[in-house]
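Just so you know, these numbers come straight off a predicted model, no measurement behind them. In this chain, numbering begins with 1 at the start of the sequence shown. The analysis underlying the following values was restricted to heavy atoms, covering all of them including side chains, and did not include hydrogens, waters or symmetry mates.
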Amino acid sequence: MLIQVGLETKTNAFANAYPLDLPGCIASGKDGSEALLRLPRAVLKFQDWAARHDPHSWLANLGDFDVRLVETFEVTTLNAEYELALQGYEVSAFFRHDWKPLTALDVERGLQLLAWSRADLLEVVADLPEGKLEEMQPGERWSINGILAHVGGAEWWYLDRINRAGIPREAVPSAPLERLSVARALLLETLPALVGVELVLGKNGELWSPRKLLRRAIWHELDHVGHISRLVLS
């Protein structure tokens, strides 16, 4: 199997390699070479993660695979005047692949991945006492409850990037678990309606599409599952 890869780089900062047909899978490194070197292992880890939820899922059939870099995107930072700047809004990758409308199969698989990532997120916090949920640990921006609220808020924000948020920002609940539930319900309702929709919008100097939204939403939740897991053990 050939896995096509989009590479997101930022000069002297980081690089992320995205297998474009495996939304949520990512390999990171200090530069593009390191991210690409780590990608095969990341794909196998992603496959193992899926197998824990469903050993017969579509990810079980990747077989032997080769990776091919098809596009590189250089991250930029823009100020309020949309000029390049050292500080401001960081414009993340938009690949040619992100222009493609979602298919029914894309959405079916995406919903499955989102269900697994949400199950993992809820499992990792299920038995935590309130004190642990609210604890601020050294070097962290948020408590665990703050991370949960951030994940829910991000899903609303992703939908807002393509004008599909459904409710105004002030209507999004502040309570972490309620926010997660409301934002996810909006996402699950919206995704099937995006099948075949040709939609690319620009906000804050950054391009967004349904395919980019799906890629980012799955990756973002999985990233914070790992983040919370590390905080629970510390």
Side-chain angles (χ1 to χ4, degrees), residues 8 10 13-19 22-30 34-60 62 90 92-93 109-159 172-188 212-234:
E8 175 186 60
K10 185 174 183 179
F14 65 84
N16 296 318
Y18 297 92
L22 301 178
C25 185
I26 186 175
S28 300
K30 66 180 183 297
E34 184 172 85
L36 290 170
L37 187 64
R38 292 177 174 177
L39 187 60
R41 185 184 180 112
V43 171
L44 292 174
K45 184 178 178 181
F46 194 69
Q47 188 178 36
D48 288 343
W49 167 72
R52 293 197 297 271
H53 290 277
D54 181 359
H56 305 295
S57 80
W58 58 281
L59 283 161
L62 295 181
E90 195 168 271
S92 64
R109 290 175 171 177
L111 292 174
Q112 190 175 52
L113 295 169
L114 285 166
W116 296 340
S117 65
R118 181 52 50 91
D120 285 359
L121 182 67
L122 296 179
E123 181 180 11
V124 78
V125 301
D127 298 320
L128 297 181
E130 189 63 23
K132 186 67 172 179
L133 291 170
E134 291 291 350
E135 178 187 6
M136 286 299 302
Q137 297 193 25
E140 293 294 329
R141 181 179 179 185
W142 298 299
S143 66
I144 291 175
N145 264 343
I147 296 170
L148 296 176
H150 167 67
V151 172
E155 290 197 355
W156 177 91
W157 187 83
Y158 293 146
L159 288 166
V172 179
S174 58
L177 291 180
E178 187 180 1
R179 175 179 282 208
L180 282 170
S181 178
V182 167
R184 178 54 58 89
L186 290 170
L187 184 58
L188 298 184
K212 178 175 175 176
L213 176 153
L214 184 60
R215 169 167 60 83
R216 295 281 297 184
I218 299 168
W219 161 79
H220 187 251
E221 183 161 61
L222 285 174
D223 184 57
H224 283 298
V225 169
H227 183 190
I228 293 173
S229 297
R230 292 189 295 273
L231 294 180
V232 169
L233 294 174
S234 63

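Although no hydrogens or angles enter the test, the distance criterion places a donor-acceptor pair under 3.5 Å between the side chain of Ser229 and the main chain of Val225. In this structure, the side chain of Lys212 engages the main chain of Ala93 through a donor-acceptor pair within 3.5 Å. The backbone N or O of Pro173 lies less than 3.5 Å from no partner atom in the side chain of Glu178, so there is not a single donor-acceptor pair. Proximity of a side-chain donor or acceptor of Arg38 to a complementary backbone N or O of Ser28 within less than 3.5 Å is detected.
Interatomic distance, CG of Leu148 versus CH2 of Trp142, reported as 11.0 Å (0.5 Å rounding). With values rounded to the nearest 0.5 angstrom, Arg118 atom CZ is found 8.5 Å from Leu188 atom CG. Distance check, rounded to the nearest 0.5 Å: CD of Glu8 to CD1 of Ile26 gives 7.0 Å. To the nearest 0.5 Å, the span separating CD1 on Ile228 from CG on Asp120 amounts to 11.0 Å. Residue Glu123 holds its CD atom at 10.5 Å from CG of Leu121, rounded to the nearest 0.5 Å. Rounding to the nearest 0.5 angstrom, the gap separating the CG atom in Leu114 from the CG atom in Leu214 is 6.0 Å.
Under a cut-off of 6.0 angstrom, the local environment of CG in Asp127 is sparse, with at most 12 non-hydrogen atoms contributed by other residues, nucleotides or ligands.
Side-chain N/O atoms of Glu155 and His220 include no donor and acceptor closer than 3.5 Å. In summary, the side chains of Gln137 and Ser234 do present a donor paired with an acceptor at a separation below 3.5 Å, with no hydrogens or angles considered.
Taking the six-membered ring where tryptophan is involved, the planes of His53 and Trp49 are perpendicular, since the angle between them exceeds 60° and thus also 30°.
Shown here for Leu59 and Gln47, the closest heavy-atom pair between the two residues is O-NE2, 2.7 Å. For the pair Tyr158 and Ala217, the tightest heavy-atom approach, listed with the atom from each and the gap, is CE1-CA, 3.7 Å.
Counting heavy atoms from C-beta outward, Phe46 and Leu113 have side chains that approach closer than 4.5 Å.
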